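Only one structure is covered here, and it is reproduced in the block below.
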Amino acid sequence: MISGIELKEKVKAMGADLVGVADAQSPLLYEHDEKPEKLLQGARSLISIAVALNRSAVCSGNLRLNRYDTMCVYERLNHICMETVRTLAGEGAKAVSISPYFPVDMGPESKGLQGDINHKTVAAVAGLGGIGLSKLLVTPEFGPLVRLGTIITDASLSVDQPLDETPCKRCESCRNACPAEAIQEDGTLDYRACSSYTLSNALPGIIGVTRNLIGADEKAVKDVIYSPHFWEIWQATTSGSIYSCSECMASCPVGSG
Ligand code: B12
């Protein structure tokens, strides 16, 4: 069986910027309600993979540059995760890759706001970074400007330890930059405020537009369907690149030097 060190080297050679391994039995995972065994019977290790975003694109203030970079990073991440699963399968191990975002459970409890696995929690346990005031994973190398994936496997791999200290210094840059005022003084995140702002061209936007169409006359219908907002919704949903905001990432000074 491939060793943890060999596997991490392979994953980096595939194009990952950061890789770490967490023990599937880690009490920290259970404390944060993560149950890998529910997703893969006999789960022993969780491999956390990060691909860095392009700071120039995220901080450009141009949503198209930002979204296209995210699309490319997800493409690379998906490829690395699939290849990692195949590498483990070649060694006779079982493995599953958890989607970076979609598909996500849309049931009445989670409503799309809870992943099958929380990649940030796994990454923190695997020592890639710490959870910041923004509730994002903040890495020492790239700050929060990474996209994360997780592989669950029954292979027993040598595990990494969480960082002693989180790289987030609670400087409040993210809190001050958030246009939705979603990052609260007590460090909690108002998910509803964040999602209605950042997903205004995704499901919350579709619900709003559909409501406006109910009972509308022909002129009002035309005003809606020929509006830039409606066309933005079409673009976001067809491209799969739905986020309209990254200010909490862009404003973070960690990793910018
Ligand atoms: C649902 C979701 C959202 C929702 C809810 C946000 C949220 N905070 O969870 C909405 C739509 C609002 C959203 C917004 C954004 N998202 Co989002 N989202 C997700 C998704 C699909 C699930 C997250 C989840 O399950 N949340 C559930 C709640 C309860 O968890 P939580 O708030 O993270 O809190 C837990 C942890 O922080 C943990 N925890 C807290 N402290 C500590 C300390 C330690 C030591 C440990 C171990 C754990 C721990 O415990 C908490 C409770 O369980 C993930 C992908 C995934 N499957 O993980 C991407 C993800 C979290 N999103 C991401 C990003 C980048 C964004 C946005 C910047 C939008 C954008 N431009 O892409 C914003 C940022 C909002 C913010 N400041 O958090 C990235 C984060 C990358 C990173 N560096 O952390 C992820 C991981 C996608 C990816 N594959 O990279 N998102």
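Please read all numbers here as calculations on a predicted model, not as lab measurements. In listed order, ligands and their atoms are each counted from 1.
- For atom 3 (C) of ligand 1, the protein comes within 4.0 Å by no heavy atom at all.
- Remark: among candidates Lys111, His119, Gln114, the nearest residue to atom 58 (O) of ligand 1 is His119, based on non-hydrogen atoms.
- For ligand 1, one of its N or O atoms has an N or O atom of Arg147 under 3.5 Å away.
- Panel note: side chain His119, backbone Ser99; a donor-acceptor pair is recorded below 3.5 Å.
- Under the 3.5 Å distance criterion, the side-chain polar atoms of Thr153 are matched with a main-chain donor or acceptor of Lys94.
- Of the candidates Gly112, Pro100, Ser110, the one placing a heavy atom closest to atom 59 (C) of ligand 1 is Pro100.
- The pair Lys35-Asp33 meets the salt-bridge criterion, with a side-chain N (NZ, NE, NH1 or NH2) lying under 4.0 Å from an Asp/Glu carboxylate O.
- Neither the backbone nor the side chain of Thr139 has a heavy atom within less than 4.0 Å of ligand 1.
- With Gly115, Cys174, Gly143, Ser196 as candidates, the residue nearest to atom 22 (C) of ligand 1 on a non-hydrogen basis is Gly115.
- Not a single N or O atom of Met249, backbone or side chain, sits closer than 3.5 Å to an N or O atom of ligand 1.
- The residue among Tyr243, Phe142, Tyr191 with a heavy atom at the shortest distance from atom 8 (N) of ligand 1 is Tyr191.
- Shortest contact from atom 45 (C) of ligand 1 to any protein heavy atom: Leu28 CD2, 4.3 Å.
- Between Asp33 and ligand 1 there is no heavy-atom distance shorter than 4.0 Å.
- Contact annotation for Tyr74 and ligand 1: only side-chain heavy atoms (C-beta onward) come within less than 4.0 Å of the ligand.
- Side-chain atoms of Asn54 never come within 3.5 Å of backbone atoms of Asp69 as a donor-acceptor pair (strictly under, hydrogens ignored).
- Glu91 and Lys10 are not joined by a salt bridge, as no carboxylate oxygen comes within less than 4.0 angstrom of a charged side-chain nitrogen.
- Distance remark: protein heavy atom present below 4.0 angstrom from atom 27 (C) of ligand 1.
- For atom 80 (C) of ligand 1, the nearest protein heavy atom (residue, atom name, distance) is Leu136 CD2, 3.7 Å.
- For atom 67 (C) of ligand 1, the nearest protein heavy atom lies 4.0 Å away or farther.
- When distances from atom 13 (C) of ligand 1 to the protein are checked, no heavy atom turns up under 4.0 Å.
- Of the heavy atoms in Ala123, none comes closer than 4.0 Å to ligand 1.
- Heavy atoms of Cys248 come nearer than 4.0 angstrom to ligand 1 in at least one pair.
- The side chain of Leu189, and not its backbone, has at least one atom closer than 4.0 Å to an atom of ligand 1 (non-hydrogen atoms only; side chain from C-beta on).
- In this structure, His79 contributes its side chain and Met14 its backbone to no donor-acceptor pair below 3.5 Å.
- Distance remark: protein heavy atom not present below 4.0 angstrom from atom 62 (N) of ligand 1.
- In this structure, Thr198 contributes its side chain and Cys194 its backbone to no donor-acceptor pair below 3.5 Å.
- Ligand 1 has no atom lying under 4.0 Å from any heavy atom of Ala50.
- Within 4.0 Å of atom 85 (C) of ligand 1, not a single protein heavy atom is present.
- Remark: the backbone N or O of Leu157 is paired with a side-chain donor or acceptor of Ser45 at under 3.5 angstrom.
- Looking at atom 90 (O) of ligand 1, its nearest protein heavy atom turns out to be Leu148 N, 2.8 Å.
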